[in-house]
Novice: 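One structure coming up, written as structure tokens, with questions to follow.
Keep in mind that this is a model prediction, so the values were computed, not measured. Every chain is numbered from 1, with letters handed out A, B, ... down the list of sequences.
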Protein chains: 2
Amino acid sequence: MKISFIGAGNVAFHLAQALQDAGNQIITVYSRKLQNATYLAEKLENVKAQDHLDFSTNEAELFIVALADNALPEVLPKLRLPQATILVHTSGSLPLVILENIQAIGINKGVFYPLQTFSKFKAMDFAEIPFCIEAEDLETEAILFDLAQSLSQKVSRVTSQQRRILHLAAVFACNFANHLWVIAQEILSKEKLSLDLLKPVIRETVEKALTTNPLDAQTGPARRKDTAVIETHLAMLEETVIRQEIYNLITQDIIYSNKIDLQKLNELNH
Amino acid sequence: MKISFIGAGNVAFHLAQALQDAGNQIITVYSRKLQNATYLAEKLENVKAQDHLDFSTNEAELFIVALADNALPEVLPKLRLPQATILVHTSGSLPLVILENIQAIGINKGVFYPLQTFSKFKAMDFAEIPFCIEAEDLETEAILFDLAQSLSQKVSRVTSQQRRILHLAAVFACNFANHLWVIAQEILSKEKLSLDLLKPVIRETVEKALTTNPLDAQTGPARRKDTAVIETHLAMLEETVIRQEIYNLITQDIIYSNKIDLQKLNELNH
């Protein structure tokens with residue numbers, strides 16, 4: 001397939017290379033800054049870099065918008081596409097309908113969302129990355145599905161509403177979990193201790209949660225309803241009121257979640 | 001070294017085998033339930049199982065208490081030890097002084113804390129497990145330090161106060177992170193989506209945070225101060241008030257942490 005990229009950030013960087021490796025031909029890479037487009041284009045074979053949004057004579061069959069979410073409302077109205085091509089975005093948090101105002105005839109629209117966080121200099125194994133596919137019509141969906149399957153073993157149809165839920169869940173599972181490690185690091189730094197001490201147990205906690213089930217894998221004072229330890233911890237957090245409240249609320253929610261679980265078990269047993 | 005274990009749970013199970021593999025001789029394993037002590041004893045070589053706490057004629061030089069934290073206040077007063085031996089516990093959350101009421105002459109006391117979460121049927125690479133050592137006297141500290149170094153490359157002296165801080169940090173970094181995956185799983189289940197979709201991005205988030213720095217690795221709507229997305233997410237959580245408040249507080253704390261970070265950067269640059 002002939003493909004052009006609107007965007008030259010981390011997603012475009014990894015996705016363009018993976019698509020080229022899978023036998024597709026990348027035609028053009030756009031970035032607002034020409035040097036960013038050129039940087040990616042030079043990593044690929046015979047690819048043109050451009051810093052304007054007029055693709056009306058571009059020979060690609062598929063245009064992939066891989067930009068920061070907040071850049072789309074500005075970029076999309078300026079985009080000029082040839083007729084009868086496919087336009088997709090790669091965003092986890094934006095609906096398919098964000099593409100509706102494109103001014104061109106016979107554009108088939110979809111979402112081609114690789115559910116992974118990309119770093120510029122770290123190669124990713126695309127075979128393990130879940131791809132979430134959505135399209136306005138079945139033919140486009142089939143084309144996007146085949147393309148994703150040429151990269152990954154884990155391709156699903158995911159609606160805009162499901163992707164909204166996925167994004168909310170990912171904020172808890174990734175951004176907020178990451179912030180708990182920021183908090184842990186700050187707590188440790190007050191006693192001149194390094195987060196290195198906790199890294200093995202963090203990694204093992206993740207593996208236990210993801211290979212069994214996070215609800216079953218839970219341990220610690222909240223799970224045991226060990227009120228003496230919980231009270232001590234709350235007192236230790238008195239100087240950081242937000243964190244004391246985060247401790248308090250997550251502890252309550254762990255206790256509550258396990259009650260619910262117990263009820264489910266009881267229902268199953270009776 | 002000749003070692004007896006008070007406790008036959010997950011920590012004792014893995015630690016006893018690792019210590020035996022390192023050339024030590026396990027003498028006795030105690031559990032309140034004889035069958036649990038026997039189960040572990042039979043995995044080891046020539047080890048006696050017992051369900052009473054009279055060790056006064058036991059030939060071990062080191063007694064390792066590896067019990068649930070809440071069992072210690074009940075078990076320790078009943079413990080009968082021979083004279084001039086070493087007694088340690090393996091707890092991350094209990095101070096050294098919890099051992100002070102042991103009734104025996106010339107007992108040297110310490111803490112021998114492997115900072116890891118153990119599962120019964122999963123082998124652990126002890127070389128990578130941080131050991132936290134504390135003792136009442138330097139001679140005992142040296143003995144415990146050598147013993148830990150025969151198992152692990154990562155042995156540190158850690159005071160009771162530091163261990164208290166480590167435990168609080170571990171509750172955030174492990175128990176609370178695990179609970180965020182429980183929340184993510186529940187959010188997904190409402191749209192019949194599986195946590196499997198998020199597992200690759202969770203694993204990559206952990207690796208990015210732990211190989212770089214969690215504060216620098218942060219992404220997402222709170223990090224970008226994307227108030228439109230934050231408002232949408234809060235509205236989506238209206239039916240679960242505690243989780244709405246958890247979202248709100250962690251978001252505030254991410255924004256706050258990055259301001260602090262910005263201040264630090266400004267200080268460095270001026």
Novice: Relative to chain A, which of B:Val229, B:Leu237, B:Asn70, B:Thr117 shows the most heavy atom pairs under 4.5 Å?
Specialist: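 Highest number of pairs under 4.5 Å: B:Thr117.
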Novice: Out of A:Ile202, A:Thr232, A:Asp69, A:Asp125, which one racks up the most heavy-atom pairs below 4.5 Å with chain B?
Specialist: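 Between A:Ile202, A:Thr232, A:Asp69, A:Asp125, the count favours A:Ile202.
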Novice: Nearest 0.5 Å, please: how far is OG1 in B:Thr219 from CG in A:Asn178?
Specialist: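 Going from CG on A:Asn178 over to OG1 on B:Thr219, the span is 7.5 Å.
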Novice: Looking at A:Ala222, A:Ala184, A:Ala68, which has the largest count of heavy-atom pairs under 4.5 Å with chain B?
Specialist: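 Highest number of heavy-atom pairs under 4.5 Å: A:Ala184.
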Novice: When you compare the side chains of B:Glu191 and A:Gln161, does any donor N or O come within less than 3.5 Å of an acceptor on the partner?
Specialist: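 Distance-only check passes for B:Glu191 and A:Gln161.
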Novice: Which atoms of A:Val171 are under 4.5 Å from chain B, going by heavy atoms: the side chain, the backbone, both sets, or neither?
Specialist: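 Only the side chain of A:Val171 comes within 4.5 Å of chain B.
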Novice: Given that the side chain runs from C-beta out, which part of A:Ser156 has a heavy atom under 4.5 Å from chain B: side chain, backbone, both or neither?
Specialist: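 Side chain only.
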Novice: Indicate the atoms forming the closest heavy-atom contact of A:Ile165 with B:Leu188, along with that distance.
Specialist: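 So the minimum-distance heavy-atom pair works out to CG2-CA, 4.1 Å.
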Novice: Give the member of A:Gln252, A:Gln218, A:Lys199, A:Arg243 that has the highest number of heavy-atom pairs under 4.5 Å with chain B.
Specialist: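 If we count pairs closer than 4.5 Å to chain B, A:Gln218 comes out on top.
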Novice: In terms of heavy-atom proximity below 4.5 Å to chain A, should B:Thr212 be classed as side chain, backbone, both, or neither?
Specialist: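 Answer is neither: B:Thr212 stays 4.5 Å or more from chain A.
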Novice: Just how far is it from atom NE2 of A:His179 to atom CG of B:Asn258, taken to the nearest 0.5 Å?
Specialist: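 The NE2 atom of A:His179 sits 8.5 Å away from the CG atom of B:Asn258.
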Novice: Does any non-hydrogen side-chain atom of A:Phe172 lie less than 4.5 Å from one of B:Ile250?
Specialist: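 A side-chain contact under 4.5 Å is absent here.
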Novice: Is it the side chain or the backbone of B:Asn213 that comes within 4.5 Å of chain A heavy atoms, both, or neither?
Specialist: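 Answer is side chain: those atoms of B:Asn213 sit under 4.5 Å from chain A.
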Novice: I'd like to know which of A:Ala177, A:Cys174, A:Gly220 tops the heavy-atom pair count under 4.5 Å against chain B.
Specialist: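 With the most close heavy-atom pairs to chain B, the winner is A:Cys174.
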Novice: Taking every non-hydrogen pair under 4.5 Å, which of B:Ile242, B:Leu210, B:Thr205 racks up the most with chain A?
Specialist: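 Going by pairs under 4.5 Å, I would pick B:Leu210.
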Novice: When rounded to the nearest 0.5 angstrom, what distance separates CG in B:Leu249 from OH in A:Tyr247?
Specialist: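 One gets 15.5 Å once the value is rounded to the nearest 0.5 Å.
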Novice: So, do A:Lys154 and B:Asp196 sit near enough that their side-chain heavy atoms are less than 4.5 Å apart?
Specialist: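 No, side chains not in contact.
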Novice: Of the non-hydrogen atoms in A:Leu115 and B:Leu198, which two are nearest, and what is the gap between them?
Specialist: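 Closest heavy-atom pair between A:Leu115 and B:Leu198: CD2-CD2, 3.8 Å.
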Novice: Please identify, among A:Gln185, A:Lys190, A:Arg224, the residue contributing the most non-hydrogen atom pairs under 4.5 Å to chain B.
Specialist: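 Winner by heavy-atom pair count: A:Gln185.
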Novice: Is there a side-chain contact between A:Val182 and B:Pro214 in this structure, where contact means two heavy atoms from C-beta onward sitting under 4.5 Å apart?
Specialist: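 SC-SC contact between A:Val182 and B:Pro214 confirmed.
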Novice: Where on B:Ile183 is there a heavy atom nearer than 4.5 Å to chain A: the side chain, the backbone, both, or neither?
Specialist: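 The side chain, not the backbone.
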Novice: Contact part of B:Leu195 toward chain A, heavy-atom cut-off under 4.5 Å: side chain, backbone, both or neither?
Specialist: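 For B:Leu195, side-chain heavy atoms alone lie under 4.5 Å from chain A.
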Novice: Return yes when atom CZ of A:Arg203 has more than 12 non-hydrogen atoms of other residues, nucleotides or ligands closer than 6.0 Å, and no otherwise.
Specialist: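 Check passes, neighbour count above 12.
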Novice: Mark yes when over 12 heavy atoms from residues, nucleotides or ligands other than A:Lys120 sit less than 6.0 Å from its NZ; otherwise mark no.
Specialist: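 Result for NZ/A:Lys120: enclosed.
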Novice: Answer yes when A:Glu207 and B:Lys122 have at least one side-chain N-carboxylate O distance shorter than 4.0 Å, and no when they do not.
Specialist: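 No.
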Novice: Which atoms of A:Leu166 come close to chain B, meaning under 4.5 Å heavy atom to heavy atom: side chain ones, backbone ones, both, or neither?
Specialist: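 Contact with chain B is through both the backbone and side chain of A:Leu166.
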Novice: Under 4.5 Å between any side-chain heavy atoms of B:Gln162 and A:Lys192, yes or no?
Specialist: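 No - every pair of side-chain heavy atoms lies 4.5 Å or more apart.
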Novice: Given 3.5 Å as the limit, does a donor-acceptor pair link the side chain of B:Gln116 with the main chain of A:Pro200, or not?
Specialist: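 Side chain of B:Gln116 to backbone of A:Pro200, a donor-acceptor pair under 3.5 Å: yes, one is there.
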Novice: Tell me, out of A:Met124, A:Arg164, A:Glu245, who's got the most heavy-atom pairs with chain B below 4.5 Å.
Specialist: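 Ranked by contacts with chain B, first place is A:Arg164.
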Novice: Using heavy-atom distances under 4.5 Å, tell me whether A:Ser93 contacts chain B through its side chain, its backbone, both, or neither.
Specialist: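 Neither the backbone nor the side chain of A:Ser93 comes within 4.5 Å of chain B.
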Novice: Heavy-atom distance under 4.5 Å between the side chains of B:Pro221 and A:Asn175, does that happen here?
Specialist: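 B:Pro221 reaches A:Asn175 side chain to side chain.
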